[in-house]
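Some notes on the structure that comes next.
Residue numbers begin at 1 in each chain, while the letters A, B, ... track the order of the sequences.
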There are 4 protein chains.
Amino acid sequence: MSQKDKKEKRASRKSRRQAETRKSLLDAARKVFAVTGLTSATIAQITETADLGFGTFYLHFASKEELYLAVLKEGFAELDKELKQILDEARESQYSGNEIIEIVIAIFFRFARENRDLFQVGFAGLDAGMQIGISLRKQYADWFSELLKEIHPVEIPESQLELLSTSIVAMVSRTAVWWMQQKEESEPDFLSLEQAIAVVSRFAIAGLTDFYSISN
Amino acid sequence: MSQKDKKEKRASRKSRRQAETRKSLLDAARKVFAVTGLTSATIAQITETADLGFGTFYLHFASKEELYLAVLKEGFAELDKELKQILDEARESQYSGNEIIEIVIAIFFRFARENRDLFQVGFAGLDAGMQIGISLRKQYADWFSELLKEIHPVEIPESQLELLSTSIVAMVSRTAVWWMQQKEESEPDFLSLEQAIAVVSRFAIAGLTDFYSISN
Amino acid sequence: MSQKDKKEKRASRKSRRQAETRKSLLDAARKVFAVTGLTSATIAQITETADLGFGTFYLHFASKEELYLAVLKEGFAELDKELKQILDEARESQYSGNEIIEIVIAIFFRFARENRDLFQVGFAGLDAGMQIGISLRKQYADWFSELLKEIHPVEIPESQLELLSTSIVAMVSRTAVWWMQQKEESEPDFLSLEQAIAVVSRFAIAGLTDFYSISN
Amino acid sequence: MSQKDKKEKRASRKSRRQAETRKSLLDAARKVFAVTGLTSATIAQITETADLGFGTFYLHFASKEELYLAVLKEGFAELDKELKQILDEARESQYSGNEIIEIVIAIFFRFARENRDLFQVGFAGLDAGMQIGISLRKQYADWFSELLKEIHPVEIPESQLELLSTSIVAMVSRTAVWWMQQKEESEPDFLSLEQAIAVVSRFAIAGLTDFYSISN
DNA sequence: AATGAATGAGAGTTCATTCAT
DNA sequence: GATGAATGAACTCTCATTCAT
């Protein structure tokens with residue numbers, strides 16, 4: 001093995017370790033943010049949760065805000081990927097419009113269930129003057145507008161489309177959070193994930209159907 | 001004028017002044033909370049906005065939390081009153097179920113428009129581990145469940161009723177916030193208050209109608 | 001009754017009332033100081049204890065320090081008077097030196113018992129950068145030096161005289177405070193006031209006798 | 001040098017530095033407390049005196065009280081050690097009772113001279129409702145009771161023993177403080193340390209001798 | 001690269017003092 | 001003269017960030 005190779009190998013080992021440390025911090029941050037909120041979370045809590053030294057944080061992130069953005073960006077990447085795929089499938093008309101709606105809602109609920117902490121953090125609202133919660137909702141509302149255009153190629157005023165998308169995203173995201181909290185308290189009479197998805201989907205589909213039927 | 005009268009008059013003048021100061025603080029807090037969120041808001045910002053001395057705050061509130069609760073309680077009192085009245089009217093069947101739903105949604109939107117800051121504060125979400133935003137949403141969801149029982153006396157499982165109410169309250173409240181933000185930016189193609197109410201109402205009514213028709 | 005008389009009468013009524021208010025504040029201050037110490041005592045506590053309005057304080061005293069000095073000065077006035085009298089009697093040789101010493105110690109203990117709060121406050125030590133406790137001890141030590149000169153007209157170096165006086169005043173004052181605290185806890189086996197005085201007196205007299213016998 | 005060794009070395013260097021900082025704070029606190037008293041002393045004064053950053057304080061002590069206790073505990077440890085040793089020697093009867101008394105008084109005076117600030121702080125009196133000064137005096141009075149029992153095995157009532165011990169400790173400690181203040185002002189006619197010890201010792205011994213001779 | 005001691009700006013809170021009533 | 005609401009300086013404590021090791 002050449003000198004250069006050795007160096008590279010060592011470098012890659014280093015960067016792998018570095019990536020692991022970074023991951024630890026992101027995971028820890030997600031947990032801490034979910035419990036204490038963004039503003040109240042402290043770097044000390046996060047590094048302690050990650051079982052890392054105090055100063056290590058600043059080797060990976062320039063500030064708490066940068067960390068927050070990274071948590072959201074990397075956390076929601078998977079959801080974004082799934083949604084992108086669904087949009088493509090909608091374009092290829094593999095499913096009916098109503099089927100797609102239900103699939104999308106199911107994706108949201110499942111993602112929320114598997115990323116409880118992150119989901120709550122992301123949709124938490126306007127904390128600390130950061131409009132991140134809002135921008136996330138806006139982002140998914142915009143995406144939903146795109147979807148609706150694919151499904152119902154009827155032209156409706158942009159403003160109405162936005163309002164519809166906003167409404168549905170708000171409903172789905174908050175209801176998912178609510179559902180997780182219900183589940184947590186282990187009520188005897190509680191809705192399964194499938195039931196919850198079914199109810200919300202039917203509601204959304206009925207509303208949309210009505211809306212588009214009149215618009216035509 | 002007797003000694004006693006003088007004393008009383010002085011006392012009432014003082015308490016009037018005190019009440020005014022308290023009001024100033026509540027108004028200022030509402031504004032500041034809407035911009036920065038609860039956690040990041042500082043007492044200094046609030047007293048400065050109210051154009052009052054720093055220590056004055058502590059003559060009226062023991063802490064930021066107490067102020068926050070007072071802002072919400074006193075701010076939403078009017079909305080609560082209107083909703084209570086509507087529930088009574090629903091019981092007396094003065095309106096059809098669908099009319100009531102639309103009226104309720106209109107009340108929310110109008111209240112939001114006239115209490116922008118407050119509405120955003122109240123529904124801002126779970127800020128910093130404080131569950132106040134949540135409890136407000138929960139409170140109105142519970143109220144909405146009551147209303148639905150009056151309108152559609154069909155018995156449906158409690159858990160489904162809760163989910164429906166939660167969904168609708170989430171949708172209406174967040175969409176109202178969104179609408180206010182749209183309006184602010186004075187887009188050329190924007191929805192009037194009446195239009196927004198109409199769209200959301202139609203959507204909600206269609207969803208509910210579908211839901212109850214199947215349940216029957 | 002002439003106009004002038006009326007005026008005077010009214011004025012005297014006023015000033016009598018004023019004096020009462022002042023007295024209330026002094027009494028309240030004494031209590032509060034004894035419990036919380038000088039620095040930690042607040043004007044609010046004092047006026048509340050005196051059942052007076054907040055601002056009233058500043059009609060009678062310019063500051064907390066002024067109050068503190070007044071409390072001590074007026075409180076110890078009686079003790080000073082008694083001691084002055086004893087010194088005169090010593091000059092007239094109505095009692096033997098040892099009798100005088102015992103009388104003085106008895107006066108201290110009785111005054112301490114009847115002015116618990118005040119005595120503790122006065123001898124509390126150096127609180128808040130105020131050297132008042134020290135100056136009080138110094139004052140009584142100086143007085144005691146005078147007394148010793150009367151009783152034992154032998155000339156001993158000033159520095160030794162001061163040391164002796166300081167020692168005895170320290171011993172008597174602190175032991176009186178200790179005795180009051182013992183009594184408070186109502187121990188079964190506790191010393192009566194007379195016993196305590198007797199022990200301390202005998203101790204002091206023996207020490208002094210020895211000292212002066214050698215000096216001669 | 002192995003990885004582990006390096007780590008350990010680094011840790012020990014760090015903890016050494018930490019210990020130094022802690023020491024600086026204790027020293028500074030001693031000075032500040034002696035001048036301003038406990039209640040009026042501020043953290044800022046202390047850190048400034050120690051030439052350290054403001055927040056550094058809280059890395060080492062949780063509060064001013066904790067610091068105060070540490071100052072006393074660590075400061076008086078040496079005195080306690082010496083006294084313990086003397087008590088042992090008294091038990092082994094290496095010295096006569098009167099010699100022991102003089103040795104003890106000398107120890108107190110010498111310790112006071114070498115720990116001026118600390119000694120004043122410790123015996124400053126009941127500051128602001130904190131009973132620490134009192135408890136220190138009580139502690140040494142109790143120790144002195146033990147000593148007296150060794151020296152004079154005659155049984156005298158506990159209450160009288162306590163009163164005697166209290167008196168002597170009060171006398172010795174306050175007189176030591178007084179002596180230091182005299183010295184400071186560099187009076188022409190002032191007592192040397194040895195002289196002061198001699199006077200106080202003779203006084204105390206004469207008093208005790210008289211007391212025990214009568215008790216027998 | 002990792003660490004954590006040191007830092008100080010900034011937050012909440014208290015309270016002596018002023019002043020309008 | 002009596003009052004207590006208003007004030008802001010001063011204090012304690014927290015925590016993001018820096019930096020020497």
Report the distance from atom [atom1] of [X] to atom [atom2] of [N], rounded to the nearest whole Å.
{"X": "Ile46(C)", "N": "dC15(E)", "atom1": "CD1", "atom2": "C1'", "answer": "12 Å"}
{"X": "Gln18(D)", "N": "dT7(E)", "atom1": "CD", "atom2": "P", "answer": "13 Å"}
{"X": "Leu38(D)", "N": "dC11(F)", "atom1": "CG", "atom2": "P", "answer": "14 Å"}
{"X": "Phe61(B)", "N": "dA5(F)", "atom1": "CZ", "atom2": "P", "answer": "14 Å"}
{"X": "Arg22(A)", "N": "dA2(E)", "atom1": "CZ", "atom2": "P", "answer": "13 Å"}
{"X": "Glu48(C)", "N": "dT3(F)", "atom1": "CD", "atom2": "P", "answer": "13 Å"}
{"X": "Leu67(B)", "N": "dG12(E)", "atom1": "CG", "atom2": "P", "answer": "11 Å"}
{"X": "Glu20(C)", "N": "dA2(F)", "atom1": "CD", "atom2": "P", "answer": "11 Å"}

Report task. Check whether any side-chain nitrogen or oxygen of Thr21(D) sits under 4.0 Å from OP1 or OP2 of dA6(E), and answer yes or no. Result ->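 The answer is yes; a side-chain N or O of Thr21(D) sits under 4.0 Å from OP1 or OP2.
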Query - Distance below 4.0 Å between Thr56(A) side-chain N/O and dT3(E) OP1 or OP2 - result: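 Yes.
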**Report entry** Side-chain heavy atoms of Val32(A) within contact of Asp117(A), under 4.5 Å
**Finding:**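 A side-chain contact is absent here, since even the closest heavy-atom pair is not under 4.5 Å.
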Query raised in the report: Hey, are the side chains of Ile46(C) and Leu67(C) touching, using non-hydrogen atoms and a 4.5 Å cut-off?
Result: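 Touching, per the 4.5 Å side-chain cut-off.
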Query raised in the report: According to the Watson-Crick and G-U wobble definitions, with both distances under 3.5 Å, which nucleotide is paired to dA2(F)?
Result: dT21(E)
Query raised in the report: Does dA9(E) have a Watson-Crick or wobble mate here (both distances under 3.5 Å), and if so which one?
Result: dT14(F)
Requested in this report: Given side chain to side chain contact (heavy atoms under 4.5 Å, CB included), test Leu26(D) with Phe61(D) step by step and report yes or no.
Outcome: CA-CA 10 Å; Leu26(D) 284 171; Phe61(D) 302 96; 4.0 Å; yes
Report task. Please determine if Asp27(A) and Lys31(A) form a salt bridge, counting it only when a charged side-chain N lies under 4.0 Å from a carboxylate O. Result -> no
Requested in this report: Identify, between His60(B) and Ala41(D), the residue whose nearest nucleotide on DNA chain F lies closer to the 5' end.
Outcome: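 With His60(B) and Ala41(D) compared, the 5'-side residue is His60(B).
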Query raised in the report: Under the 3.5 angstrom rule, does the side chain of Arg137(C) hit a backbone N or O of Phe123(C) as a donor-acceptor pair?
Result: yes
Query raised in the report: With distance as the sole test, does Thr36(D) use its side chain to make a donor-acceptor pair with the main-chain N or O of Phe33(D) at under 3.5 Å?
Result: no
**Report entry** 5' priority, DNA chain E, between Thr42(B) and Leu59(D) [closest heavy atom]
**Finding:** Leu59(D)
What N/O pairs connect the protein and nucleotides 17-19 of chain F at under 3.5 Å? Give each pair on its own line.
| residue | atom | partner | partner atom | Å |
| --- | --- | --- | --- | --- |
| dT17(F) | OP2 | Tyr58(A) | OH | 3.2 |

Requested in this report: Assess whether side chain to side chain contact (heavy atoms under 4.5 Å, CB included) is satisfied between Tyr68(B) and Val121(B), documenting all intermediate values.
Outcome: CA-CA 9 Å; Tyr68(B) 188 61; Val121(B) 171; 3.3 Å; yes
